[in-house]
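Written below as structure tokens is the structure these notes are about.
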Amino acid sequence: MQFKLFGQLFTVNRVWLLITLTAFAILIKLSHWQWQRAAEKTAQLQQIALVQQQGPVSGRQLLAGSATELDGALLSDTGYWVPPYIWLLDNQILHGKVGYDVIIPVQFADSSTLVLVNLGWLAAGHNRQVLPEPQIPAEIAIAALVRSRPANALLLGQNLEGDSYPMRMQQIDYALLQQQLPWSLYPAVLYQQQASDFIPHYQPVVMPPEKHRGYALQWLGLAIAVLAVGLATSWQREKNYEQE
């Protein structure tokens, strides 16, 4: 197949053309996806900043409002742990070490509704069959970030392991945890920001928008390079053909 572009005659093999265009389309799609992710992260950070401008909320204000509307807000209050419930969120890596995030339900004064609190990271032991037993105080000073969508990894296999507490958990599932609890569960997670016996490490945005945009430009550059190489190869073939 022959065609002219910029006054030059190109001879292109149909199979080669299909491979080149397919690669170009995939790279353009990857570039667009990264650009969309950058836009999503920017909107998320703007939402968090806007909510936090209003100042910290109390437990009562949280329970009286919508988890979605208060997503990203800071909460400052005293919470009361509801024993014996302790879940250890599995596969949490901090500074190259494997451990768990300690998740507990708390109540605020004058309310029976429960809210999950991620207290932070706790190192795992050498024997995976033996779970650490974190010491949870009855009363906890909470300075936390409110998130309506918990940071969950892909679930592979059973979510909860064990028949006593603490219990190993693969991801936060409100409906599943509600089945274990005696009172209603508010659909949000409070990520503790101040250190205690546990190490807070949660970040609302792990990869900043700028990095997504950088990846988008890289994919776009590769797409242009693939197309350019395909055209250059075809043009060289035509030149060789004329010389023969």
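Atom set for the values below is all heavy atoms of this structure, side chains included, hydrogens, waters and symmetry mates excluded.
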> What distance do N91 atom CG and Q171 atom CD have between them, rounded to the nearest 0.5 Å?
Replying inline: 11.5 Å
> Side-chain contact, heavy-atom cut-off 4.5 Å: V57 with L74?
Replying inline: no
> Is there a side-chain contact between Q178 and L114 (heavy atoms, below 4.5 Å)?
Replying inline: no
>> How long is the straight-line distance from NE2 of H201 back to CD of Q193, given to the nearest 0.5 Å?
In response: 11.0 Å
> Run the side chain to side chain contact (heavy atoms under 4.5 Å, CB included) check on Q34 and W219 step by step: do they pass?
Replying inline: CA-CA 9 Å; Q34 287 289 350; W219 289 122; 3.9 Å; yes
> Given T22, which of T20, I19, I26 fulfils the side chain to side chain contact (heavy atoms under 4.5 Å, CB included) condition?
Replying inline: I26
> Could you go step by step and tell me if I142 and Q192 meet the side chain to side chain contact (heavy atoms under 4.5 Å, CB included) rule?
Replying inline: CA-CA 6 Å; I142 299 176; Q192 185 77 306; 3.8 Å; yes
> Considering all heavy atoms of both residues, which atom of Y85 and which atom of P182 are nearest to each other, and what is their separation?
Replying inline: OH-CD, 3.6 Å
> How many angstroms lie between CG in L27 and CD in Q218, if you round to the nearest 0.5 Å?
Replying inline: 11.5 Å
> Could you go step by step and tell me if R147 and Y202 meet the side chain to side chain donor-acceptor pair (under 3.5 Å) rule?
Replying inline: CA-CA 11 Å; R147 296 315 311 265; Y202 173 77; 2.9 Å; yes
> With no hydrogens and no angle check, is any side-chain donor or acceptor of S31 less than 3.5 Å from a backbone partner on A216?
Replying inline: yes
> Atom CG of L62 and atom CD of E69: how far apart are they, to the nearest 0.5 Å?
Replying inline: 11.5 Å
>> Can you pull out every salt bridge (Lys or Arg N to Asp or Glu O under 4.0 Å) where at least one residue sits in residues 96-120? Sequence neighbours excluded, please.
In response: R60-D110
> Which heavy atom of A188 sits nearest a heavy atom of A67, and at what distance?
Replying inline: CB-CB, 4.2 Å
>> Test of understanding: with side-chain hydrogen bond (donor to acceptor under 3.5 Å, both in side chains), list the residues that count as partners of Y165, not counting sequence neighbours.
In response: Q180
> Closest approach of W81 and P84, non-hydrogen atoms and distance?
Replying inline: CZ2-C, 3.9 Å
>> How long is the straight-line distance from CG of L21 back to CG of L227, given to the nearest 0.5 Å?
In response: 7.5 Å
> In the single-linkage hydrophobic clustering (I, L, V, M, F, W, Y; side-chain heavy atoms under 4.5 Å), do V106 and V189 co-cluster?
Replying inline: no
> Counting N and O atoms only, with roles assigned by atom type, does the side chain of E210 sit under 3.5 Å from a partner on the main chain of A38, one being a donor and the other an acceptor?
Replying inline: no
> Checking salt bridge (charged side-chain N to carboxylate O under 4.0 Å, His left out) for the pair D71/R149: CA distance, chi angles, key distance, verdict?
Replying inline: CA-CA 8 Å; D71 184 50; R149 295 183 179 181; over 6 Å; no
> Got more than 12 heavy atoms from elsewhere within 6.0 Å of OH, Y80?
Replying inline: yes
>> Please find the pair of heavy atoms, one from P166 and one from P132, that lie closest to each other, and give the distance.
In response: CG-O, 3.4 Å
> Just wondering, do I104 and I140 contact through their side chains at under 4.5 Å, heavy atoms?
Replying inline: yes
>> Contact between Y100 and M169 at the side-chain level, heavy atoms closer than 4.5 Å - yes or no?
In response: no
>> Is it the case that atom CD in E161 sees more than 12 heavy atoms from other parts of the structure closer than 6.0 Å?
In response: yes
> Do V102 and L88 come close enough that some side-chain heavy atom pair is under 4.5 Å?
Replying inline: yes
>> Check for me, please, whether F108 and W183 land in the same ILVMFWY cluster - side-chain distances under 4.5 Å, paths through other members count.
In response: no
>> Within this structure, what is the CG-CE distance for the pair D90 and M167, rounded to the nearest 0.5 Å?
In response: 13.5 Å
> Of the non-hydrogen atoms in P105 and W87, which two are nearest, and what is the gap between them?
Replying inline: CD-CZ3, 3.7 Å
> Should L160 and I103 be regarded as members of a common hydrophobic cluster, given that ILVMFWY residues are connected when their side-chain heavy atoms come within less than 4.5 Å of each other, either directly or indirectly?
Replying inline: yes
> Side-chain contact, heavy-atom cut-off 4.5 Å: P200 with Q194?
Replying inline: no
>> When you group the ILVMFWY residues by side-chain heavy-atom contacts below 4.5 Å and let the links chain together, are L176 and I172 in the same group?
In response: yes
> Can you find a heavy atom in the side chain of H32 that is under 4.5 Å from one in the side chain of K29?
Replying inline: no
>> Between L119 and I136, is the side chain to side chain contact (heavy atoms under 4.5 Å, CB included) condition met? List the steps.
In response: CA-CA 10 Å; L119 295 174; I136 310 296; 3.8 Å; yes
> Where the side chain of Q61 meets the backbone of G59, is there a donor-acceptor pair that is under 3.5 Å apart?
Replying inline: no
> Do L131 and L177 belong to the same hydrophobic cluster, where Ile, Leu, Val, Met, Phe, Trp and Tyr are linked whenever their side-chain heavy atoms lie under 4.5 Å apart, directly or via other members?
Replying inline: no
>> Can you confirm whether the side chains of R213 and T42 place a donor and an acceptor under 3.5 Å from each other?
In response: yes
>> Is any side-chain heavy atom of I28 closer than 4.5 Å to one of L220?
In response: yes
>> Run the side chain to side chain contact (heavy atoms under 4.5 Å, CB included) test on L116 and L190 for me, step by step, so that the C-alpha distance in whole Å, both residues' side-chain angles and the decisive distance to 0.1 Å come before the verdict.
In response: CA-CA 6 Å; L116 296 177; L190 307 181; over 6 Å; no
>> Testing the basics here: between P134 and I86, what is the closest heavy-atom pair and its distance to 0.1 Å?
In response: CG-CG2, 3.9 Å
